[in-house]
Structures are given as structure tokens and as C-alpha cells.
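Heads up: the structure comes next, in C-alpha cells.
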Amino acid sequence: MSIGPTLPPPMEELSELLQLRRAKLDAWRSEGTDPFGSSFPGTTSVASVIADFAEEKTVRVAGRIVAFRDMGKSIFGHFLDQTGRLQFYANKQSLGGNAADPTQPADPSKLESFRRLDLGDIVGLEGTLFITKTGEKTVKVTKFALLSKSLRPLPSAWHGLSDDETRYRQRYLDLIVNEEVRRTFVLRSRIVSEIRRYLEGRGFLEVETPMMQAIAGGAAAQPFVTHHKALNLQLFLRIATELYLKRLLVGGFEKVFELNRNFRNEGLSRKHNPEFTAIEVYQAYADYEVMASFVEGLIIHLAQNVIGTLQIPTGPVPEDGSPRKTLDLTGPWPRKRYRDAVKEAAGADWFDLAPEGRKARAAELGVEIIPGLLDHEVTNHVFEKLVEAKTVNPVFITHLPKELVPLAKQNSEDPSVVDVFELLINGQEISPGYSELNDPLVQRQRLEEQVGEEVHNLDEDFLLALEHGMPPAGGIGIGIDRLVMLLTGAESIRDVILFPLLRPR
RNA sequence: GCCGCGAUAGCUCAAUGGUAGAGCAGUUGACUCUUAAUCAAUUGGUUGUAGGUUCAAGUCCUACUCGCGGCACCA
């Protein structure tokens, strides 16, 4: 524990608001209370207080004060714990009275101390449960303990906190004040844990492979660079888990997955954070069709069991208060060949046109074509803008041209396409899946084409593994952040990552 | 990296180039079933930073910082 550079400024520089809060520290201490108190054992969560509610029952609860309504001789308020909000009530008799002998006069100083509490303070409360005239479950406080004094004001409870920069930099405030944010991150946690349960229940083994790699392979993204001192070694943060998981297939693990962070040195956007969570799943003796069914089953399972519905709200919240659009995850999800999807969007004659004709058609359709694009790249731009971006309900795009996916098996009937799928939902690629290439000689050739001149980037160790024999296998990847966005209806990846990357202030 | 938009009290937001304001929070007082408590009074500002134009700048101009959206990057 270091002293830290951010010592609090001297009192005279603090705003009045902060000075008053600090002054209360002395008030608490002068009556013998440590304002950053000790443990408060034996508490019950708000959720279980509400679930097992019985009038007159004595409970111990703890949380942060988020509302405080002082009415003179009695005080109402709400506190918040991890599971929810509960109303509390205190008056002179409840706090200062003698329960064993109600005829004895109450001690008013207890209520005066209680009145000194601020919004944001963390308290432990002991009291009896009752229901108010208006029907709200409430704890009547008989004893309280200040567990942590808050020296700064809470954002407005009514308006919430809406400044995105503050929400991300001080996420704790966002979590205290914005209930839907709390809900989103609870859901994220449940989604991740349900994915693990689902896979483990089907015999998959979770593994952990290196995040620091001498060669960052498995995708074509810029890696982050770091350095190991003792070995004087340049290392890269991984951009994918693929090549290590395939080594495990060689090693005889037939059903494996890894669910953890990847790092890509790319720009930030509504859909991109430089560190993001992904799962990759590999199953020996399966193919991309098996994996497509697997992904469909998994996502439907998550929607039903974590979210509770297959009808997911999506898109911007309308200003006029009308409900958001919804997308429908009900299966079975259609399969569509890449060529057919492009033809539907760009004309049945698309593939009959000359390359120049395709460029002209793309322009007519409003797809911007940068000069110098290869012919298949023109088609893929059209695909991305007119098919992918406009997809709402799930669709598996199959039979992609082999130029787009160099690491998958070629189709046995049509060698110009590969045995893969791309799962599109709500304008995003949620999951790719392959029949994995296990021919070490073809794999070497494809990787050599990919790395070009930079032969030192060729993962020889991976190719060596393949030469020992990797079983035919199906593999998938799912971007967890994007999956959580999809299932929670979030519009930005920053709303499903607790601490998204920001420039330091 | 490029283009556009934004930044005003602790929070949410106002303010024709002409006296920086409101609601909530805070403070003081009243009130023993309130719940956006209510009522009365009241404190709080280097208008993101640095320059410039102007008699006068929150407002116009330039640069910068940070954020948001889009583009580029991203099999």
C-alpha cells in the first residue's frame, strides 16, 4: 500500500459541500463513533428480507443510503445493497427507547445522531419489519452503525447520472445511481456463468492458454507489444486463442473451450474495445454444421434461461416513448449461402456482371467503393453494407468465398467456397464457425500467403503440431461483449464493459 | 488518423454578443406513515484549457484537452 500522490487538498480549498461532510467526521468521533467502522456481521440481503418478509421480525441489514426524508420527529429513507432497495424508518422511540420497558422515556440523542447521516453513507441497521400505510415493506430501526462515511455527494437520485464520461470513469457512481446499469452487469455475469455451465454439461473442458505469445497468431489484427525482462524477449498480447486450442486437439483433448480476454491494437468504436472477451470452442470429429447447431442452441438457451425471453428489445429508444423494436431469436435459424444473400441484395445477375459492372452497381446501391479494391472485396463490401448491416433476426451465412476465410476447409463440391458459417444478428457478426483446416501442408501454404514477407511471424511450432495429426474438428468463436450487447439490448460495447478504455484525464 | 457534434453549480439542464439562472442535492427552520415528502428561507460558478475579436464573450474566431457519433483500421 503506497501513500499515493493524491493526498486530499487542504480544508480551505474544499468546496463548502465537501467541508461540511468532513466536519461531520469530527462530530461522529466526538461521540465515540469511528466513521469508517468495523465489520457488521449477521446481515440479511434486501432481496431475502423482501422474499421472507414477516412483520415484527428482527433483521440486520447493511447498505448505502440513497434517500433520506427527515420529518422532524421521524425519518424515512432508503438504502441500497447489492440485491435492491429497502425503506427504513426511525423515530425517537424506535431508536432511543427501551424495548424491555416501553414506559421509560426515550433517549432523543440517538435520533439526533441518526439525523447526521448523509446520502451516500454506508450504514448497518438493526430493526423490526413492518408495512407502512401505503403498503411498503420497511425496517423500523432500533440500532444503527455508521460503517463508512461518504465524503462526497451522490449524483442526483432522480435524474441519475447521464454524462457518459463520468459514467465510465467513475463506474461506481453509475452503478450506485443507475439501476439498469447494475442489471446489465448482473446479466453479463450470469450469461458468462451460464455459458460455462452449458459447455461443461456437454463434456467440454475449459482451458487456459498463453495470453503473452512470441507470435500473435490466429487472426489478422495488430497486436499489443510487451517485453519480458529476464528472457529479454519481445512478447505480444494474444489476438486469438485459436492456434493453442488446436494444439490441444492434437494432444487428444476432444472438446475444449477458452473464455477470456483477447487484445487487438485497433481503433475504438461502439462495437470495439481493445481488450474484449471471447470464447472459442473446438470439438473433434465435428464440422461447421454441427457447430452452427451448437451456437444456435447455446444462444437460445441463454436468452431463455438468463433473459427469460426470445424477444429482445433492440435499436435506439424512441423519443416519443413508444416501445423499442424487438428481434426474435426463435429457432430454427435460417441458413443462407453467401452468393444467394448477395444476389438478393444486389440483383440476381450480380455474379454475371463484369468486375467494372459490379463496381457501378455497388455505387448505384449506395455502397462506397474505394479505388483499388479487388473484385471479391467489392462483393464483400456489398455484403457487409446491404446484408450484414441490415440483418435483424439471426441468419447463418454459409459457403463464403475462400479468399475471405483462409483458415477453413474448402468445400468438397465447390472448392471456391469454404465450409464455414457466419452468424449474423442485429447487424453484427456474432459468431464465425469453421470446419477447421487440419491438412498441415495446406495450412502452411495458407499461413505463408498470409504472413507474406514476414516469415518470422510464421508459427512453426503450430505447424509442427499439425504435422503430428489434428483430428477433423469444428470450431467457433463468440464475441462475449457483443453477445451481451445483443441479449441486454445495449447500444454500445462500453455499456457492457465495466471499465472500457478511455484516454487518461 | 480524418470529419462532425458536445463540455455551464455536486447531479440534470436553461441563458438574441449586454446583470450567469432553475430543479434536485446541500445548509437553517417547521413537521411522528414519508417515498421525486411538503412548506419557508438560504449557500453554491475561473461557463473544459489557453489565446484572440469586441465598448462588452457562456455565446463569435483559433488552437488544445476530454467525451460522443461516423469514417478509416479491424479475415
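Proteins get letters first, then strands, A, B, ... in listed order; numbering begins at 1 in each.
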Straight-line distance of A/Arg182 CZ to A/Thr83 OG1, nearest 0.5 Å: 9.5 Å
Gap between atoms CG and P, on A/Leu18 and B/G45 respectively (whole Å): 12 Å
Euclidean distance, atom CG of residue A/Asp174 to atom P of B/G67 [Å, nearest integer]: 16 Å
Integer angstrom distance from the C1' of B/U43 to that of B/G10: 13 Å
Residue A/Arg503, side-chain atoms from C-beta onward, closest of B/U34, B/A25, B/G1: B/G1
Rounded C1' spacing from B/G48 to B/A9 in Å: 15 Å
Below 4.0 Å: OP1/OP2 of B/G67 and any side-chain N or O of A/Arg169: yes
B/U47 and B/U8, which share atom name C1', separated by this distance in whole Å: 4 Å
Atom-to-atom span, CD of A/Glu266 to C1' of B/A72 - whole angstrom: 12 Å
Below 4.0 Å: OP1/OP2 of B/U38 and any side-chain N or O of A/Arg69: no
Between P of B/A25 and CG of A/Asp70, the distance in whole Å: 12 Å
Any A/Arg494 side-chain nitrogen or oxygen under 4.0 Å from OP1 or OP2 of B/G69: yes
Donor-acceptor pair present, A/His159 side chain and B/C24 base, under 3.5 Å: no
Salt-bridge contact A/Glu436-A/Lys409 (side-chain N to carboxylate O under 4.0 Å): no
Separation of B/A72 C1' from A/Arg270 CZ (nearest whole Å): 16 Å
Pair A/Ser45-A/Gln82, side-chain hydrogen bond (donor to acceptor under 3.5 Å, both in side chains): steps then yes or no: CA-CA 8 Å; A/Ser45 74; A/Gln82 187 177 319; over 6 Å; no
A/Arg339 to A/Phe351 six-membered ring, cation-pi geometry met (6.0 Å, 45°): yes
Axial cation check for A/Tyr89 ring with A/Lys140, 6.0 Å and 45° limits: no
Heavy atoms from other residues, nucleotides or ligands near NZ of A/Lys149 exceed 12 (cutoff 6.0 Å): yes
Atom pair distance, as rounded to whole Å: NZ in A/Lys137 and P in B/U34: 20 Å
Donor-acceptor pair under 3.5 Å, A/Thr132 side chain vs B/U34 base: yes
B/A63 versus B/C3 - spacing of their P atoms, nearest Å: 10 Å
B/U12 to B/A25 separation - P atoms, rounded to the nearest Å: 15 Å
Phosphate-side-chain proximity, A/Ser162 and B/C13, N/O vs OP1/OP2 below 4.0 Å: yes
Whole angstrom value for the distance that separates P of B/U34 from CZ of A/Phe79: 21 Å
Separation of the C1' atoms in B/U49 and B/A7, to the nearest angstrom: 11 Å
Most 5' of A/Ser74 and A/Tyr168 on RNA chain B, judged by nearest nucleotide: A/Ser74
Partner of A/Glu275 under salt bridge (Lys or Arg N to Asp or Glu O under 4.0 Å), chosen from A/Arg264, A/Arg238, A/Arg261: A/Arg261
d(CG, A/Leu161; P, B/C11) in whole Å: 8 Å
ring-ring contact (aromatic ring centres under 6.0 Å, His included) between A/Phe257 and A/Tyr282, intermediate numbers included: CA-CA 6 Å; A/Phe257 73 99; A/Tyr282 291 86; over 10 Å; no
Donor-acceptor pair present, A/Glu16 side chain and B/U27 base, under 3.5 Å: no
Pair A/Arg116 + A/Glu31, salt bridge at N-O below 4.0 Å: yes
A/Lys133 side-chain N/O to B/C33 phosphate OP1/OP2 under 4.0 Å: no
B/U46 to B/C39 separation - C1' atoms, rounded to the nearest Å: 36 Å
Residue mapping more 5' on RNA chain B - nearest nucleotide basis, A/Leu502 or A/Gln222: A/Leu502
P atoms of B/C61 and B/A41, separation to the nearest Å: 42 Å
Closest nucleotide among B/A75, B/G26, B/U12 to the A/Leu407 side chain: B/A75
side-chain N/O A/Arg21 vs B/G10 OP1/OP2, d < 4.0 Å: no
Contact under 4.0 Å: A/Arg505 side-chain N or O vs B/C66 OP1/OP2: no
Per-nucleotide pairing state of RNA chain B [Watson-Crick or G-U, under 3.5 Å; [ ] pseudoknot-crossing; | other strand]: (((((((..((((....[..)))).(((((.......))))).....(((((..]....))))))))))))....
Sugar-phosphate only, base, or nothing, as touched by A/Leu119 at under 4.0 Å among non-hydrogen atoms: sugar-phosphate
